[in-house]
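These notes concern the structure reproduced below.
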Amino acid sequence: MAESRAVAGWIRNREDGAVEAAFEGAPDAVESMIRFCREGPRGAVVERVEVFEEPPEGVERFSIAH
């Protein structure tokens, strides 16, 4: 999803079961990713999404962090 929208950043599963992500890119593309996170992929249960604006990290690709 991120790559098709030219969004850079990362995503990771936290030990407490939450998912944490950072998105960088055009405002419309980032907003599209946030909307997707609010729905989640098929079969996901999304209880809430918190959005924080932070300074860009300067990443150039999207990765899955471990």
Side-chain angles (χ1 to χ4, degrees):
M1 298 291 292
E3 290 176 352
S4 70
R5 290 166 172 76
V7 171
W10 51 265
I11 191 166
R12 68 175 164 226
N13 292 322
R14 295 187 345 191
E15 289 184 18
D16 64 2
V19 177
E20 184 176 22
F23 303 130
E24 294 184 25
D28 289 346
V30 170
E31 185 59 39
S32 176
M33 289 301 300
I34 294 169
R35 280 193 308 272
F36 174 74
C37 289
R38 287 191 169 108
E39 297 173 14
R42 185 183 326 216
V45 176
V46 178
E47 294 179 6
R48 74 176 187 270
V49 173
E50 296 179 23
V51 178
F52 303 95
E53 289 194 32
E54 298 181 351
E57 296 177 13
V59 294
E60 296 180 12
R61 296 183 164 187
F62 196 83
S63 64
I64 299 172
H66 300 278

- Sidechain-backbone polar pair: E24 side chain, E57 backbone, donor-acceptor under 3.5 Å: yes

[X] and [Y]: same hydrophobic cluster, using ILVMFWY side-chain contacts below 4.5 Å?
X: F62; Y: V49; result: yes
X: F23; Y: V19; result: yes
X: V59; Y: V51; result: no

- Query: In the hydrophobic clustering (ILVMFWY, side-chain contacts below 4.5 Å, transitive), which residues join W10, or is it alone?
  - Reply: none

- Query: For E54, which residues count as a side chain to side chain donor-acceptor pair (under 3.5 Å) partner, sequence neighbours excluded?
  - Reply: none

- Task: Using the side-chain hydrogen bond (donor to acceptor under 3.5 Å, both in side chains) rule, collect all pairs that involve residues 32-43, keeping only residues at least two apart or in two chains.
- Result: R5-S32

- V7 and A29 have their tightest heavy-atom pair at CG2-CB, 3.6 Å

- Task: Any chance you could measure S4, atom OG, to M33, atom CE, to the nearest 0.5 Å?
- Result: 7.5 Å

- Item | Between CZ on residue R14 and CD on residue E20, distance to nearest 0.5 Å | 5.5 Å

